[in-house]
Amino acid sequence: EVQLVESGGGLVQPGRSLKLSCVASGFTFSNYGMNWIRQAPGKGLEWVAYISSGSSYIYYAETVKGRFTISRDNAKNTLYLQMTSLRSEDTALYYCARRSSYSGYFDYWGQGVMVTVSS
Amino acid sequence: DIQMTQSPASLSASLEEIVTITCQASQDIGNWLAWYQQKPGKSPQLLIYDATSLADGVPSRFSGSRSGTQYSLKISRLQVEDIGSYYCQQAHSNPHTFGAGTKLELK
């Protein structure tokens, strides 16, 4: 069974940093691209970042480019999101999601981890 | 970036009713379109991909269609377990943008 378990969220002050993790199981992690997608409270879904299976290709949403860094450790089956210079508008539930092997769809999602940016 | 205009924003329907949600792409995305269902308090789940293909385990009362750059999700007979929010997503080009969502409630 595919499982994605996020952790590392919490309350953080504006301008500070936070690092999210997503541990994957139930599939060969190193074969799949991975994404971070977020959802502000009561709002819709916003794609944040993508990393290919071997980390060769990385893309970011314009809203986080230069502040967030996506990375992965295939030996540990873990996806990361390093977030710096956090803003109140980054407050959201952050999901890690697997890119389907077929195309740019998100076929499995974690349960999400909450990040609250507030003084 | 490709814009996905989804409508309606909210919808109230009765059990067994036919429900249709639409997404309009700002440019040609071919069949690179997915629909996701998000039940209250849960993570989104892939429902339909390639505009018309049902994901594994999705009931046959769900269907997707395309007419040019307009895409539709149809629920043929609404069930109580279908209540939640629905999002379209284009996978044609980066960034893979989502529609704003449709909140489906029971009448």
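Atoms considered below: every heavy atom in the structure, side chains included; atoms not considered: hydrogens, waters and symmetry mates. Chain A is the first sequence line, chain B the second, and so forth, proteins listed ahead of strands; every chain is numbered from 1.
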At a heavy-atom separation under 4.5 Å, does B:Gln90 approach chain A through its side chain, its backbone, both, or neither? neither

Please determine whether a side-chain nitrogen of the Lys or Arg among A:Asp90 and A:Arg38 lies less than 4.0 Å from a carboxylate oxygen of the Asp or Glu. yes

Side chain, backbone, both or neither: which part of B:Ala34 has a heavy atom under 4.5 Å from chain A? both

For B:Gln3 and B:Gln24, which I'm curious about, is there any donor-acceptor pair between the side chains at under 3.5 Å? no

Heavy-atom pairs under 4.5 Å with chain B, option from A:Tyr50, A:Tyr95, A:Trp47 with the top count: A:Tyr95

Can you tell me which portion of A:Phe106 sits under 4.5 Å from chain B's heavy atoms? Options are side chain, backbone, both or neither. both

Restricting to side chain to side chain contact (heavy atoms under 4.5 Å, CB included), what partner residues turn up for A:Val5, sequence neighbours left out? A:Gln111

For the ring pair A:Tyr32 and A:Phe27, is the centre-to-centre distance below 6.0 Å? yes

Could you tell me which portion of B:Lys42 (side chain, backbone, both or neither) has an atom closer than 4.5 angstrom to a non-hydrogen atom of chain A? backbone

Distance-only polar pair, side chains of A:Arg99 and A:Asn35, donor-acceptor under 3.5 Å: no

cation_pi(A:Lys19, A:Tyr80) dist<6.0 Å, angle<=45: yes

Using heavy-atom distances under 4.5 Å, tell me whether A:Gln39 contacts chain B through its side chain, its backbone, both, or neither. side chain

Toward chain B, the part of A:Leu93 with a non-hydrogen atom under 4.5 Å: neither

Taking side chain as everything from C-beta outward and backbone as N, CA, C, O, which of these in B:Asp1 sits under 4.5 Å from a heavy atom of chain A? Side chain, backbone, both or neither. neither

